[in-house]
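Below, chains carry the letters A, B, ... as their sequence lines are ordered, and counting in each starts from 1.
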Amino acid sequence: MRFSEMFIPTLRETPADTEAISHKLMLRAGYVRQLAAGLYIFLPLGWRVLNRINAILKEEMEAIGAQEISMPVLHPAEIWQETGRWDAIGDEMFRLKDRTGRDMCLGMTHEEIMTWLASREIRSYRNLPQIWYQIQTKLRDEARPKSGVLRTREFIMKDSYSFDVDDKGLDRSYQLHADAYQRIFKRCGLRFFQVESDPGMMGGATAHEFMAPSPAGEDEVALCDRCGYAANVELARSTVQRTEDRDWVFDEIHTPGKRTVAEVSEFLGLSHAYFIKSLLLISISGPVLALIRGDQELHEKKTERIIGHFRTAHRDEVRETLGVEAGYIGPMNQKIRIIADTCLKYGVYVSGANKEDYHVKGIRPGIHFNAEWHDIHVAKDSDGCLICGNPIRVERVIEIGNIFKLGTKYSMPLRAFYLDENGEENPIVMGSYGIGPARIAAAAIEQNNDKDGIIWPESIAPFDVMILPLNMKDEQTAMAAEDLYKALSACHIDVLIDDRDERAGVKFKDADLIGIPYQLIIGEKNLKQGLVEIKTRKTTETEKIRIDGALDKINEKLCYTLKS
RNA sequence: CGGGGCGUAGCGCAGCUUGGUAGCGCGCCUGCUUUGGGAGCAGGAUGCCGGAGGUUCAAGUCCUCUCGCCCCGACCA
């Protein structure tokens, strides 16, 4: 392609209202434009990147026997009503009525529709297994679109669905996907982890997420470098370092005006780990006192799995329920249900005295209070790995893919049954698997950029090579560039030639910003000696080579990275 | 949905406190010069100051409402 004819609106200045690096660079380098909150236009360069990612997705999906189909984006409400999600899902679903008043919605995912199809067409175990996939637009009325294309209201997703006769079959389909996803993200040049994830409302027991480390991410994962334990902090478990045992006797201390752990620990000169934080929660079945160590945070999701939906109590509710001001609550002599983090089972602690302006030192679990013991803390950096004890690390990540074992959650309500060898009717056992191509692109930029711009991995770059004829007014330069352009194109190498009548500086800046992996720089002086320069965007190294060897050199570089 | 911020030329911003001719940089157009890291000089074009209502002789500026966008949190099937 010729730069002069292609629509590549680069910006010299960073657009305001952007935070994520990928967002800034995609706008600046002319890959995307924003239409409205969470709605993005992919410009020619951006669309080329998505298409290269999609090509990889298709290859790897076909390789595990998945078949591409295409489903409508507009869905009748009835199918979603049958699985219960019409009501379970709130404002996040775009809903509308057709001209006859029939309830419809825009698809945020396609479990229902895929299962509907299976229910009508699959009769026998002989029809199974099947894997169907599509690369299709999804719509979700996100409460807060953010970070450019990372969280949008309309986005393309590769979603596949597996249909098997039993759990064993599902295990196999699930593993095929996990392996395919590993290959996909590796081919896309990403650093990523596969982590255990919360199946949430998708149902089913097992789920994993594929996570690309980046500060722009919205999730956090706990990782153990020794044993390989990897989990979303939404469910990650960890052990915490024990505190030193102290020979404190049970004793009230006057702590006037000191309420928070930070205030009392400073007042007493003790680290946060010697404190018990007592939090009053209001659950559906009544008040619950949750105890965690002073240096920890309460994990809301873990807690919710134990006591059901809850909220924290208001100040006056604390006074009414426990008869003391918030800030002086302690675990002793409480009449209500108490849950406590397992790490509090041992040691000796300081906590509120259940009396205004007083705390108690020397509280011992089992003696001064009892509780239901659960893991209810948020795993954090340098906690111990639950499996091997090694210190874990917590990293911020972008979710780029997920895989779920659905089981029969959708096949049962939608009556997707098959007849087995014995003529008996069984529900189809399903899995669902998603990848966001735009998130791959964004994650690739987040992980590969420098002060000058994007540094694309070769596999998903919009072009393989960019040719920079520095002075288009020089006939020799223009001719040499044109010849190279034709020669490279003839070898099926994707080339962008910057044939604009611009100054060298402008071309260099734009080339670095756009981030195509290799630049062939054609300058007058070098050309007189039969030389051109080849610059590797990633390393910024340039090398002078003979112009007639340029084609081979490019081929060599592209091949080399394909193999490695 | 709660909290905060911002809407002025294509982009980035100043002007608002204290009401009185709408500005700067970049970009864009023309010409000349320049040509290896976002050129120089000269000339030129470009604004429903997000929208509606109000106060006032007079509103970009003050008041009320509203819409949009960004950030933090909640949510995220």
Is the shortest side-chain N/O distance from Arg12(A) to OP1 or OP2 of G27(B) below 4.0 Å?
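For G27(B), OP1/OP2 do have a side-chain N/O of Arg12(A) under 4.0 Å.
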So what does Glu524(A) hit on the nucleic acid, given a heavy-atom distance under 4.0 Å: a base, only sugar-phosphate, or nothing?
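Nothing, no nucleic acid heavy atom in range.
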Whole angstrom is fine here: how far is it from CZ in Arg537(A) over to P in G37(B)?
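So the two atoms are 17 Å apart, to the nearest Å.
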Could you tell me how the ring of Tyr433(A) sits relative to the ring of His177(A): parallel (under 30°), tilted (30 to 60°) or perpendicular (over 60°)?
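Ring orientation of Tyr433(A) relative to His177(A): parallel.
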Does the plane of the ring in His75(A) sit parallel, tilted or perpendicular to the ring in Trp80(A)? Use 30° and 60° as the thresholds.
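Geometry flag for Trp80(A) against His75(A): parallel rings.
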Which nucleotide, G38(B), C71(B), C69(B), lies nearest any side-chain atom of Glu19(A)?
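The answer is C71(B), which lies nearest to the side chain.
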If you pin Gln519(A) and Lys301(A) to their nearest nucleotides in RNA chain B, which one's is more 5'?
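Residue closer to the 5' terminus by nearest nucleotide: Gln519(A).
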For atom P, what is the distance between C11(B) and C28(B), given to the nearest Å?
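C11(B) and C28(B) have their P atoms separated by 15 Å.
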For RNA chain B, which residues in residues 503-511 of chain A have a heavy atom at a distance below 4.0 Å?
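Heavy-atom contacts with RNA chain B come from Arg503(A), Ala504(A), Gly505(A), Val506(A), Phe508(A), Lys509(A), Asp510(A).
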Which of residues 37-49 of chain A sit near RNA chain B, with a heavy atom under 4.0 Å from it?
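Here the set is Ala37(A).
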Does Arg95(A) make a cation-pi contact with Trp86(A), if we ask for NZ or CZ under 6.0 Å from the ring centre and within 45° of the axis?
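Checked: cation-pi criterion met.
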Footprint string (nucleotides 7-13 of chain B, 5' to 3'): B base within contact, S backbone only, - free, heavy atoms under 4.0 Å:
----BSS
Would a line drawn from the ring center of Tyr31(A) to the ring center of Trp456(A) be shorter than 6.0 Å?
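They qualify: ring centres under 6.0 Å apart.
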